[in-house]
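Note that the structure is predicted; figures quoted are calculated from it, not measured.
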Amino acid sequence: TATVTTTTVVTNTTTTTAAPPIVVSVTLTLDGNWAAFFDVNGVKTELKGKLDTSIVADLAKALGVNESAITIKSYKQGSLIVAFEVVVKDTAAATTVSATAGSLKTTAFTSTQSTFTANGGSGNFGVVGTTASAPGVTTAAPTTTKSGSAAVSAAVAVAALLALLA
């Protein structure tokens, strides 16, 4: 008689899936006369790369993120209004980036200020205000870091809008 031995091996496998990244949407308004940067099509092609590079470098340093996490979405005239997104790994990071974006100071933008001055910008360069939003993150009303009736009016209008939406 033959004896047959059967061995069964059971392996338990746990798969963890990382949470999807969170996108923080930010709008930054930089004061000054940016007319030299624009033509009828928007930001002049020959200046867009310089502007992208300097703003992303300054933002990454100020927000404490990698440059690759920042994507410029658009530029608009009105001083200079920059819409950008920052991709972060979780809600805690999104909260930090949102809060930091809401308190950006002119001194954080040394590279951008150099680009502004070197390429025909004039007037008083400075951060007028910012707004930031991300899913699941509550942010305070934007902080204005420069005085002036336009800056104060914009901050009051945004604060009133946020109060209505709350």
Side-chain angles (χ1 to χ4, degrees), residues 18-35 37-38 42-43 47-119 121 123-166:
I22 296 174
V23 177
V24 181
S25 298
V26 184
T27 302
L28 166 72
T29 303
L30 294 170
D31 204 6
N33 181 351
W34 291 83
F37 285 77
F38 287 87
V43 174
L47 295 178
K48 187 175 182 317
K50 292 178 185 178
L51 196 54
D52 286 352
T53 300
S54 60
I55 287 178
V56 167
D58 288 340
L59 286 170
K61 186 175 179 184
L63 298 175
V65 299
N66 220 325
E67 288 184 19
S68 62
I70 299 172
T71 303
I72 302 290
K73 301 306 279 182
S74 67
Y75 293 108
K76 292 181 188 172
Q77 251 181 312
S79 291
L80 177 66
I81 302 167
V82 184
F84 64 95
E85 294 178 342
V86 183
V87 178
V88 295
K89 63 180 179 173
D90 56 30
T91 303
T95 301
T96 301
V97 166
S98 295
T100 304
S103 61
L104 288 171
K105 306 285 187 230
T106 299
T107 53
F109 289 86
T110 54
S111 181
T112 303
Q113 186 166 11
S114 294
T115 299
F116 172 77
T117 305
N119 293 285
N124 295 322
F125 173 90
V127 175
V128 176
T130 57
T131 59
S133 64
V137 175
T138 303
T139 56
T143 306
T144 55
T145 55
K146 193 169 174 138
S147 62
S149 60
V152 173
S153 297
V156 169
V158 171
L161 179 61
L162 289 174
L164 288 173
L165 296 174

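Rounded to the nearest 0.5 Å, atoms OG1 (T27) and NZ (K73) are 12.0 Å apart. Separation of atoms CG (L30) and CZ (F125) is listed at 5.0 Å; rounding is to 0.5 Å.
When V56, V24, I55, I70 are each tested for a side-chain contact (heavy atoms from CB on, under 4.5 Å) with F84, only one passes: I70.
Heavy-atom minimum distance, A60 versus E67: CB-CG, 3.6 Å. Pairing each heavy atom of G136 with each of T91, the nearest pair is O-CG2, 4.1 Å. In terms of heavy-atom proximity, L28 sits nearest to V127 at CD1-CG1, 3.9 Å. Of all non-hydrogen atoms in A62 and T100, the two that sit nearest each other are O-CG2, 3.4 Å.
Two residues are said to be in side-chain contact when any heavy atoms from C-beta on lie closer than 4.5 Å; L47 and F38 fail this criterion. For the pair F116 and L51, the minimum side-chain heavy-atom distance is 4.5 Å or more. Using a 4.5 Å heavy-atom threshold, the side chains of I22 and V137 count as separate. Between V65 and V87 there is no side-chain heavy-atom pair separated by less than 4.5 Å. The shortest distance between side-chain heavy atoms of K89 and P21 does not fall below 4.5 Å. Residues V43 and W34 are not in side-chain contact: their nearest non-hydrogen atoms beyond the backbone lie 4.5 Å or more apart. Side-chain contact between F37 and N119: present, with at least one pair of heavy atoms (C-beta onward) separated by less than 4.5 Å.
Although no hydrogens or angles enter the test, the distance criterion places a donor-acceptor pair under 3.5 Å between the side chain of T130 and the main chain of A101.
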side-chain contact (heavy atoms from CB on, under 4.5 Å) between V82 and V26, intermediate numbers included: CA-CA 8 Å; V82 184; V26 184; over 6 Å; no
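Applying the side-chain hydrogen bond (donor to acceptor under 3.5 Å, both in side chains) criterion to K48, with sequence neighbours excluded, gives D52. A search for side-chain hydrogen bond (donor to acceptor under 3.5 Å, both in side chains) contacts involving S111 returns nothing, not counting sequence neighbours.
Within the structure, the side-chain hydrogen bond (donor to acceptor under 3.5 Å, both in side chains) test picks out the following pairs touching residues 53-65 (sequence neighbours left out): S54-T115, D58-T112.
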